[in-house]
Amino acid sequence: MWIQIAIIILGFLASRYSNKFLDQLAKKSLSYNLFSKVKSWAKKLPSVACLNPGSIFINPFEPIQSCDGLSIITIKQQIYRAKLPSQMDWFNALIERYKYIIETNPDTQKFYKLDRPEAEQFLNSLATNLHETCLRDEKLLKTDLISRFYGCNFITHEALEKHLIEFNKRQIASHKKTAKYIPDIFVENHDAKEICRFFLYPRFFWGKFLWNIKKLNFSFLNHLLKLVGIDEFNINGRLGTNDEYSFSNSGETVDSINKTLTDKVECLEKLRNEKLDNLKTVVKPDRLELAREIWYHIRSAAYRNSCNLLEIQKQLDAITKRLVLITSRAGRGKTNFLCDLVDNVIAKRGIPAVFFNAKEMEHNSENLIAFLHKKILPITFETPQECFDVIRAFCQKENHYFTIIIDALNEVNNTALFSSKLEEFISDLLKHDYIKIILSCRTEYIEYRFNNLKSQFEGTLVSIENLELSDCDKDTMLEKYKIFFNISANFYGNAYYTLTGDPLMLRFYCETYGDPSCDTVKDLGAVGHVDKTDLFHNYLDSKIESIVLSDRQGSGVNVGFRKQFIDALMNVISSMIDNKCYGNVRIDNIDAAHLRSINRLLREGMLLRKDIIKGTNPLDDCLDVLNFTYDEFRDYLIANYLIHEIWKKDQKDKFAEFVDSLVETKELGTVSESRVVYYPSVIAEGVGRFIIQIAKQNKLDDLESEYKTAIWYEQVRLDAIFTLDENYISEEDIHYVKDSFMSGVDVSSIIIWELWHRKNSEQFTKLNMEILYSVLRDLTAKQYSTLVNPVFENYMSGRAYARRKNHFTWEIDKLSRMFSNFLSKKPKQQDIKIFEFLIFLFSIPSRNYHSPALDVYDEFIADYPEVAIEQLVANYKIKHLNILLHIVKKLMKLKTKYDIPDFKEIVQYVINKVIDVDENEYNKEHLIRVYYPVFVELNELDDSIFTKEQKTFIDNLKSKVVILDFKTLHSMDEA
Amino acid sequence: MKIRTDFVTNSSSTNFIIISSEELQQDQFAKFLGFTKKSPFWKHIEEAIYELFRDMSEAGDFTSDRYYSNAYTEFEDFSKKTFSEETYKKILKARKEGKKIYYGRFRSEDPKFLSFFCTDSILIENDDIYFDAIECGW
Amino acid sequence: MLISFGETYLLVIDEKYSREDFLDSFKAESGSWGEFFANRLFSCLFGNTTNLQEEYELFYKEEYADFSIFLEKYHGFNEEVITIITEHSGSMILYGNYGSEGDYDTSQLIEYNEDVIESINEILTQGAKDENQN
């Protein structure tokens, strides 16, 4: 009873005093007795007026009074001041002192720079008294009081630190609550996290940078350089510093170190790229011969060391740069990455930072700086500068940067408007040299909406474009998911790559087939393929089932509201289709009958999420809208709705209209010569693919004709084919795959990858590696060089330095190593078929221009000669003459021990290929030189193997073939 | 050492020359390289030297078809075109002095240590033996 | 002890282990090509390696509660490797990438030949034995 009365009175007083402090007390439901004490104390407060030394004298329990310029004390406040000495002598003295300082030095306006200990001492004792009286958290109370007494721009460093920690903790907790961040299943991306460490905490990681420099070892390179009389290459001790890193020394020191590193890398690059013809200008004449001989080693050592240096320079770069932009596709773990960074790096190392979602900023896009102040500090300021000064003082004291982390730029509703505001905001922030910023955004949004960020801040930007885990880390992630969701399964082939390659899909899969709260482990056996239509169907079922179960437990009602959920979802989908808008479905557009189910689904979190957007009408307040958490799932539902609710219900026109609407246009060119380009809309890829799949699975031939002419069809068809169950793949589909291969490396790489995962020809009877082999056999060397070689090329070592690629890659070294490991495990007869793939990779060089595939295939020949002969013979009609050369050489070697079927026919085919070679395709002279010794040896092996004409051809070659000495070879190398 | 061309080849190889005052013995050569039987690497070097001796020939027995597809008719011609000028002069001098000259070729397919010689560039010399393998060809 | 896995390896050795120990155990004649080779082998193995305990103590102790969590999460080592490392807590653990020092051929000689790794292990343990005897 007393408590209730107290709350009412407190409410009244709070409104009268408009004071947060009282308000908070009221909320705490203090007893009336306690409150009377507080109230009587509060009444005295006008006489304990507080000072904002900047300009005005403030009563903390009354609205702030405005004041002109630097006139310091109002008349009213002077009256308060007159009363002060009798109550608190010290305060008067303090005011006099501040008045003096402020009056004589207008620049010294910031209270926190003044004599803080005195002020704090008093407030602390006051807080202790109050603490004893009302039992509030003493520390919080001190913070409260300090900020209230000394105007709003006062906060202790301790309190700021605590506020930031609490703030970030709350952000992380909310992500944990919605299960967007589950630490148990998170696997860190080593490279990205390390770069962020250097970025966030330069003072500390400066030490690691120097440590890494010290670790470098150039002894082998220097040994080689000594041999040819070139000065030793070194870097230790030349950086000119072992100093600690701080704001004050960061500029010049870092610049000079960076320059040294750049010079050193250039020096190594020069060694690496030195032409042999030019060596006479580099080494002394007496070392020239030797230098030519061993320059290959120097190149290789210089290359490797420059990679090492570049990697370290990237760390230095992160130390000095001010903005990190993390981009990746949806569901690749950007939010998880940032949560982990905040939770495990920022919090544990005490780095000042704030972390929030871009959506939180959107309502304040007109004044982002003001929004930021509210986020960063628990108190308000007169001007932004005051807030920045507080942060600056804090950062300087700790020698820290203050980092502002904004997650998911793409999640704001009006990205077009927001992006320009964001640019201004970042520009403003970066004017303060102690502030750093981390942004994350989906790749496609960066390209279309936030592209300026990259160009505008290029000089100070670190781009993290890939959060993809290493193979080993992907395995760890899969294991963690299995343990967390109580699943036992052996994922292989396509299923393994689908699930490890798409964490969001893995999440759906595990939620569908596993259960974290279950006591027993569900055994799924061997899983080779993930059928997404099946997965989504089951996912929906299991989700609804879990809702039904939990609600039954709770209230024991609502039997059969399964259908209600489906209907509610379909209502959302239908609203999307009707409005041709696939995100932000207004909740007030949903039928009232479905709202309950929708709210229940929202509580569940995984299927739907509620967002808030600003209304289009300026008078409108914010609107609640619905979105699907996983776009692919939404697309699945749309496709189902279109087929089952529209097409099957004879609304063919509506269906056709929808299919046509999956296209967007873009005008390109100049005013006089513009052209319109059509491209699939954002949802065409997903919806189109599911329409194709559902049509094929249900043998809806009539439906197929409806969408086959659509503009998006060709662009989604390949994807649809590869996600289709094998039973539904047609001859036409296979032809389509083969034709598509020729269109470019972006497609050929996907086909290689997809077919590789269908290597089990018993499971995949139609679309498997045989299809790939048949395509590869027909490629010329030129086609190989554009469609196949780039897929397997080795890129620069140092993961972070991989050249930016627009296609999927698979380094030949890694692939060969995998084959070699597989072979060492003595594979069974039925599993060795896949080694045939290596034949098609004979022409792919590794970093040292050696063919790793050839080496591994030699090992394979030694273990399984009969199978190897079969595979080699099956491919002798390959068009690529370098590969053919190796096939013949291997068969020739095998011929001494084994019977090779049709050997003579093969040899004759090969020589005729060389005789009739297309000189546009091959350098004939070169070709002859490599084939000639083989022909000679074949002729020696069996005199009757060549026809008379062929023998004459070989004899004629003899005069043309010069066995090259090393100088000629080197000059070829140069060429 | 490998040479880059349009064609990938794994069969890189290095010609070598050994000049010795006396007829060369395997143990003597191992000692010349600096390996003792106590070394944990002895078995590798022993294997390599065994292979090397099995495959090398004396200059006097030069046959042009051995590795060179009849490209050279004489040992002088071969060594002049294959090795550096300095090495070639050493070979001529050694011939005059009646020293033993051996030649041969390391290939990258050879057993491990031998193939290491192929990829490395080696020139070792003392009063009795001269070993030069810093040439490259196919 | 040299433990090789894929493109990377660990060296588990005594903290005081030096180039001289390695050369002593290699037993090549002083000034010979063999000694030069042993030196090259040592540089190739020990150059550019990371001392894992030192790295943890200096830079990552605040983030990872203990050394094995650091090995698992930061370096991504599997359980087997972590067990080996933690079993040798008294030794120095160096972590390296084959060829990172630029000596491609020597690193290939080690990486692809198990019996060469065996011989290197003989050399490394020889040093340890000598140490114990002293």
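Every chain is numbered from 1, with letters handed out A, B, ... down the list of sequences. Computed from a predicted model, the values in this text were never measured in an experiment.
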**OP:** Compare every heavy atom of A:Leu216 with every heavy atom of C:Asn48, then report the nearest pair and how far apart it is.
**Re:** OD1-CA, 3.2 Å
Subject >> More than 12 heavy atoms from other groups under 6.0 Å of CG on A:Asp231 >> reply: no
**OP:** Can you measure from OG (A:Ser219) to CZ (C:Phe42) and round to the nearest 0.5 angstrom?
**Re:** 9.5 Å
Subject >> Minimum heavy-atom distance between A:Phe220 and C:Arg40, given as atom pair plus value >> reply: CE1-NE, 3.2 Å
Original post:
Measuring from C:Glu79:CD to A:Thr476:OG1, what's the distance to the nearest 0.5 Å?
Top reply: 11.0 Å
Original post:
Do the side chain of A:Lys348 and the main chain of C:Glu63 share a donor and acceptor less than 3.5 angstrom apart?
Top reply: yes
Subject >> Among the listed options A:Leu221, A:Asn217, A:Asp473, the residue most often paired with chain C at heavy-atom distances under 4.5 Å >> reply: A:Asn217
**OP:** State the SG-CG distance between A:Cys472 and C:Asn78, to the nearest 0.5 angstrom.
**Re:** 7.0 Å
Original post:
Rounded to the nearest 0.5 Å, what separation is found between the OG atom of C:Ser107 and the CZ atom of A:Arg304?
Top reply: 7.5 Å
Subject >> Residues in residues 90-98 of chain C near chain A [non-hydrogen atoms, under 4.5 Å] >> reply: C:Asn97, C:Tyr98
Original post:
Contact part of C:Thr50 toward chain A, heavy-atom cut-off under 4.5 Å: side chain, backbone, both or neither?
Top reply: both
Subject >> Distance (rounded to the nearest 0.5 Å) between A:Lys215 NZ and C:Asn51 CG >> reply: 9.5 Å
Original post:
Between C:Glu72, C:His75, C:Glu54, which shows the greatest number of heavy-atom pairs under 4.5 Å with chain A?
Top reply: C:Glu54
Original post:
Using the ring of each side chain (for Trp, its six-membered ring), is A:Phe204 parallel, tilted or perpendicular to C:Phe59, with breaks at 30° and 60°?
Top reply: perpendicular
Original post:
Going from OG on A:Ser824 to CD on C:Glu114, what distance comes out if it is rounded to the nearest 0.5 angstrom?
Top reply: 8.0 Å
Subject >> Check: C:Tyr74/A:Glu188 side-chain N/O donor and acceptor closer than 3.5 Å >> reply: no
Original post:
Relative to chain C, which segment of A:Asn344 carries a heavy atom at a distance below 4.5 Å: side chain, backbone, both, or neither?
Top reply: backbone
Original post:
Short question: side chain of A:Asn305, backbone of C:Gly102 - any donor-acceptor pair under 3.5 Å?
Top reply: no
Original post:
Under the salt bridge (charged side-chain N to carboxylate O under 4.0 Å, His left out) criterion, do A:Arg817 and C:Glu111 qualify, and how do the steps go?
Top reply: CA-CA 11 Å; A:Arg817 196 190 299 273; C:Glu111 191 181 348; 2.6 Å; yes
Subject >> Atom of C:Leu58, atom of A:Trp211 and distance for their closest heavy-atom approach >> reply: CD1-NE1, 3.7 Å
Subject >> C:Tyr64, part contacting chain A, at a heavy-atom distance under 4.5 Å >> reply: side chain
Original post:
How about A:Lys193 and C:Lys73: do any of their side-chain heavy atoms sit closer than 4.5 Å?
Top reply: no
